[in-house]
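Step one of this worksheet: look at the structure below.
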Amino acid sequence: MLGETQNFSGAANSQAVIAGAVATWPEAAHFVSGGSSAGGYGANLNFGMIQDTFAGAHGSVILDAAPPFSNRYAPPCLQKRWRDVWSLDKNLPSDCGELCKTADGGNLFNTWSYWLAKYPDVRYAIVSGIHDEIIRLFMALGNDDCANYQSYDPVVGFISSLGQTYDPAMYQAGLSEIRTQYAPTG
């Protein structure tokens, strides 16, 4: 309902699931942190917590329809709103600093680079269609410096983005940038 407080428990739920997993499989040798769409972004943000919990295991990350765009392709105003709505900053690595957050709210998706530096054996994979209409709808909320972002009601915000779209050529260029940037990591 419009104007009602919304509570998000993704981080707490993830911590509970991971605690249950390590209790069930304390000697796990491998794990995959994976998700699709918003779940893919969560899989990326939670990777370090999982890797630290399963310290002796080899971790991999699979992101489906959750491209970790640079500030050029994911406007910082949009990243800032996501940070605020979902309280993401309190769940980012405390030592990531400006690599993971700039003054304008950008660099949210640089956690990928941070994890690669901290855990050099991690393997990342991303699957994304170059014309993914759903993620493009959410990215469109960042168009025109977030002028059409409806922060008070995500349903209204989503519906108001219909008919506006994130430029498909920009989306494809963002995916190409990811491929180019991370190709040397294997």
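Remember, it's a predicted structure, so these values are computed and weren't measured experimentally. Residue numbers count from 1 along this sequence.
- Residues Val32 and Trp112 do not share a hydrophobic cluster, clusters being chains of Ile/Leu/Val/Met/Phe/Trp/Tyr side chains in contact below 4.5 Å.
- For residues 50-83, the set of pairs meeting the disulfide (SG to SG under 2.5 Å) definition, not counting sequence neighbours, comprises Cys77-Cys146.
- Of all heavy-atom pairs between Ala43 and Gly34, the closest is CB-C, 3.6 Å.
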**Prompt:** Yes or no on side chain to side chain contact (heavy atoms under 4.5 Å, CB included) for Arg83 and Leu92, after CA distance, side-chain angles and deciding distance?
**Reply:** CA-CA 10 Å; Arg83 288 172 185 279; Leu92 292 175; 3.4 Å; yes
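- The shortest non-hydrogen separation linking Gln51 to Ala57 is NE2-O, 2.8 Å.
- Hydrophobic clustering places Ile135 together with Val85 (ILVMFWY residues linked when any side-chain heavy atoms are closer than 4.5 Å, directly or through intermediates).
- Looking only at side-chain heavy atoms (C-beta outward), Pro67 and Tyr41 come within less than 4.5 Å of each other.
- Residues Phe31 and Ile50 meet the side-chain proximity criterion, which asks for heavy atoms closer than 4.5 Å.
- Of all heavy-atom pairs between Ser60 and His58, the closest is OG-CE1, 3.8 Å.
- No chain of hydrophobic side-chain contacts below 4.5 Å, direct or via other Ile, Leu, Val, Met, Phe, Trp or Tyr residues, connects Ile62 to Tyr182.
- Between Phe69 and Tyr171, the ring-plane angle classifies as perpendicular under the 30° and 60° cut-offs.
- The CD atom of Glu177 sits 9.5 Å away from the CE atom of Met170 when rounded to the nearest 0.5 Å.
- For the pair Ser113 and Gln181, the tightest heavy-atom approach, listed with the atom from each and the gap, is OG-NE2, 3.8 Å.
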**Asked** side chain to side chain contact (heavy atoms under 4.5 Å, CB included) between Gln79 and Lys101: does it pass, once the steps are laid out?
**Response** CA-CA 9 Å; Gln79 295 177 57; Lys101 183 180 181 182; over 6 Å; no
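- Considering only residues two or more places apart in sequence or on other chains, Leu99 meets the side chain to side chain contact (heavy atoms under 4.5 Å, CB included) condition with Cys96, Asn110, Tyr114.
- Looking at Tyr119 and Asp52, their side chains do bring a donor and an acceptor atom within 3.5 Å of each other.
- Of all heavy-atom pairs spanning Asn46 and Ser14, the tightest one is ND2-OG, 3.2 Å.
- Taking CG of Leu116 as the start and CZ of Arg123 as the end, the distance is 9.0 Å to the nearest 0.5 Å.
- Of the possible polar contacts, none joining the Tyr166 side chain to the Gly142 backbone as a donor-acceptor pair under 3.5 Å is found.
- For the 3.5 Å distance criterion, the side chains of Asn44 and Thr111 qualify, holding a donor opposite an acceptor.
- In this structure, CG on Asn143 lies 9.0 Å from CG on Leu78, to the nearest 0.5 angstrom.
- In this structure the side chain of Ile178 reaches within 4.5 angstrom of the side chain of Pro68, judged on heavy atoms.
- Closest heavy-atom contact between Ser36 and Asp64: OG-OD2, 2.9 Å.
- Taken together through direct or relayed side-chain contacts under 4.5 Å among Ile, Leu, Val, Met, Phe, Trp and Tyr, Ile130 and Tyr73 form part of one hydrophobic cluster.
- Rounding to the nearest 0.5 Å gives a distance of 9.5 Å between CG of Asn71 and CZ of Phe109.
- Hydrophobic cluster membership is shared by Phe8 and Leu88, with clusters built from Ile, Leu, Val, Met, Phe, Trp and Tyr side chains linked at under 4.5 angstrom.
- Under a 3.5 Å cut-off, the side chain of Asp145 and the backbone N or O of Ala147 do not form any donor-acceptor pair.
- Residue pairs meeting the disulfide (SG to SG under 2.5 Å) criterion with at least one member in residues 29-75, sequence neighbours excluded, do not occur.
- Put simply, the side chain of Val122 reaches to within 4.5 Å of the side chain of Phe47, judged on heavy atoms.
- Considering only heavy atoms from C-beta on, Lys80 stays 4.5 Å or farther from Asp104 through its side chain.
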